[in-house]
Trainee: 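The structure under discussion is supplied below as structure tokens; questions concerning it will follow.
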Amino acid sequence: MLDQIHLLAAVTVLGVLEQAYFFLQVIYARRIFGVSPPKVSGPPEFERIFRAQVNSSEYFPIFVALLWQAGLFFHQGLAAALGLLYLYSRYCYFMGYRASSSERLAPIYFGTGVLWLLIAASALGLLHFFLSYYTGLNILQLLAA
């Protein structure tokens, strides 16, 4: 069983570490710009870092759920590769947003595209599972014939 999920687990741990990095960046920005909790507003430089972290945190549960569904029902390797692309796009998003609000756009569009691919892989994998489990119809065998 573990050989079927080890890549997904590794990408998940990397994602958690990335989230921790983003959290630490907000803590450092609070110190640098003198914005103490619970305040969430301050200089534009702080607000961009704070928003980048919050936005990334909001999308993280969606990403993890799709990563695991696509990996379990479609293909672990493809899901893990897409997961790494998503994490890279989130890192680029964070760094771009930190520099300027306009520099966040290309990475967020790319990351959203990766999420759509994970949605498609999840849906196709689930469809295949339901058809084969409940009707005995194996789409892969039909396509190979």
Side-chain angles (χ1 to χ4, degrees), residues 1-33 35 37-38 40 42 44-145:
M1 168 80 178
L2 292 179
D3 62 327
Q4 297 172 354
I5 62 170
H6 66 285
L7 296 176
L8 302 174
V11 172
T12 301
V13 169
L14 286 175
V16 169
L17 291 173
E18 182 178 67
Q19 290 297 307
Y21 173 76
F22 295 160
F23 292 142
L24 288 173
Q25 293 305 302
V26 172
I27 291 170
Y28 297 145
R30 283 188 180 282
R31 291 180 186 155
I32 290 169
F33 298 110
V35 179
V40 294
E45 296 84 2
F46 168 77
E47 289 183 10
R48 287 196 309 267
I49 293 169
F50 180 78
R51 286 304 317 156
Q53 182 269 317
V54 170
N55 291 348
S56 295
S57 294
E58 291 169 347
Y59 274 85
F60 192 67
I62 297 167
F63 161 68
V64 171
L66 291 172
L67 172 73
W68 280 85
Q69 286 179 58
L72 292 174
F73 289 99
F74 191 78
H75 191 275
Q76 178 188 204
L78 176 67
L82 290 172
L84 290 174
L85 279 175
Y86 179 79
L87 293 178
Y88 177 71
S89 73
R90 268 295 155 178
Y91 179 78
C92 292
Y93 167 81
F94 187 90
M95 292 305 166
Y97 207 168
R98 166 190 250 171
S100 164
S101 61
S102 63
E103 290 189 39
R104 77 190 194 289
L105 296 176
I108 197 68
Y109 293 145
F110 182 77
T112 301
V114 172
L115 285 179
W116 278 109
L117 290 174
L118 285 170
I119 289 170
S122 297
L124 289 172
L126 283 167
L127 177 64
H128 176 262
F129 175 80
F130 286 136
L131 287 174
S132 64
Y133 186 80
Y134 290 109
T135 67
L137 183 63
N138 189 330
I139 296 172
L140 298 177
Q141 287 179 345
L142 293 175
L143 291 175

Trainee: Measure across V114 and L85 and return the closest heavy-atom pair with its distance rounded to 0.1 Å.
Mentor: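 Closest pair (atom of V114, atom of L85, distance): CG2-CB, 4.2 Å.
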
Trainee: Does any part of the side chain of R30, heavy atoms only, come nearer than 4.5 Å to the side chain of V40, both counted from C-beta?
Mentor: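 V40 vs R30: side chains touch.
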
Trainee: For a 4.5 angstrom cut-off between non-hydrogen side-chain atoms, does T12 reach W68?
Mentor: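 T12 reaches W68 side chain to side chain.
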
Trainee: Working to the nearest 0.5 Å, report the span between CG of L82 and CG of L78.
Mentor: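 The CG atom of L78 is 4.5 Å from CG of L82, to the nearest 0.5 Å.
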
Trainee: Keeping the roles fixed (side chain from Q4, backbone from Q76), state whether a donor-acceptor pair exists under 3.5 Å.
Mentor: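 Side chain of Q4 to backbone of Q76, a donor-acceptor pair under 3.5 Å: no, none is there.
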
Trainee: Please check if atom CZ in F23 has more than 12 non-hydrogen atoms from other residues, nucleotides or ligands closer than 6.0 Å.
Mentor: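 Atom CZ in F23 is crowded, with more than 12 foreign heavy atoms closer than 6.0 Å.
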
Trainee: Between Y97 and N55, is any side-chain donor less than 3.5 angstrom from a side-chain acceptor?
Mentor: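 Side-chain D/A pair, Y97 to N55: absent.
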
Trainee: Please check this pair: side chain of H128 against backbone of G125, looking for a donor-acceptor N/O pair closer than 3.5 Å.
Mentor: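 Side chain of H128 to backbone of G125, a donor-acceptor pair under 3.5 Å: no, none is there.
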
Trainee: Determine whether F63 and R90 make a side-chain contact, defined as any pair of heavy atoms from C-beta on separated by less than 4.5 Å.
Mentor: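 Not touching, per the 4.5 Å side-chain cut-off.
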
Trainee: Please report the shortest heavy-atom distance between F60 and V16, naming the atom on each side.
Mentor: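 Nearest heavy atoms, F60 then V16: CZ-N, 3.8 Å.
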
Trainee: Could you tell me whether a side-chain N or O of E18 sits under 3.5 Å from a main-chain N or O of Y88, the two making a donor and an acceptor?
Mentor: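 No, because the side chain of E18 does not come within donor-acceptor range (under 3.5 Å) of the backbone of Y88.
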
Trainee: Can you tell me how far CG of L126 sits from CG of L131, rounded to the nearest 0.5 angstrom?
Mentor: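 Answer for the CG-CG pair, L131 versus L126, is 11.0 Å.
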
Trainee: Which value, rounded to the nearest 0.5 Å, describes the distance between F33 atom CZ and F50 atom CZ?
Mentor: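 Answer for the CZ-CZ pair, F33 versus F50, is 14.0 Å.
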
Trainee: Check E103 against G96 and note the closest heavy-atom contact, atom names and distance.
Mentor: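 Answer, listing the atom of E103 first, then G96: CB-O, 3.4 Å.
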
Trainee: Which heavy-atom pair separates A80 from L7 by the least distance, and what is that distance?
Mentor: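 Between these two residues, the closest heavy atoms are CB-CB, 3.7 Å.
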
Trainee: Is the F129 to Y133 ring centre distance short of 6.0 Å?
Mentor: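 Under 6.0 Å, so yes.
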
Trainee: If you round to the nearest 0.5 Å, how far is OG1 of T112 from OH of Y93?
Mentor: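 Going from OH on Y93 over to OG1 on T112, the span is 9.5 Å.
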
Trainee: Would you kindly say whether S56 and Q19 are connected by a side-chain donor-acceptor distance under 3.5 Å?
Mentor: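 There is no such pair (donor and acceptor under 3.5 Å, judged by atom type) between the side chains of S56 and Q19.
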
Trainee: If the condition is side-chain contact (heavy atoms from CB on, under 4.5 Å), which residues does Q25 pass it with, not counting sequence neighbours?
Mentor: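 For Q25 the side-chain contact (heavy atoms from CB on, under 4.5 Å) partners, ignoring immediate neighbours, are Y21, Y28, I49, F94, R98.
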
Trainee: Working to the nearest 0.5 angstrom, can you tell me the gap between Y86 OH and L14 CG?
Mentor: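 Answer rounded to 0.5 Å: 14.5 Å.
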
Trainee: Between H75 and G77, what is the shortest heavy-atom contact and its length?
Mentor: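 So the two residues come closest at ND1-N, 3.1 Å.
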
Trainee: Residues two or more places apart in sequence or in another chain: which of them pass side-chain contact (heavy atoms from CB on, under 4.5 Å) with I32?
Mentor: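 With sequence neighbours excluded, I32 shows a side-chain contact (heavy atoms from CB on, under 4.5 Å) to no residue whatsoever.
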
Trainee: Give, for atom CZ of F74 and atom CG of L117, the distance between the pair rounded to the nearest 0.5 Å.
Mentor: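 Interatomic distance, F74 CZ to L117 CG, rounded to 0.5 Å: 10.0 Å.
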
Trainee: Which atom pair, heavy atoms only, marks the closest approach of A121 to A70?
Mentor: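 Shortest heavy-atom separation between A121 and A70 comes out as CB-CB, 3.9 Å.
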
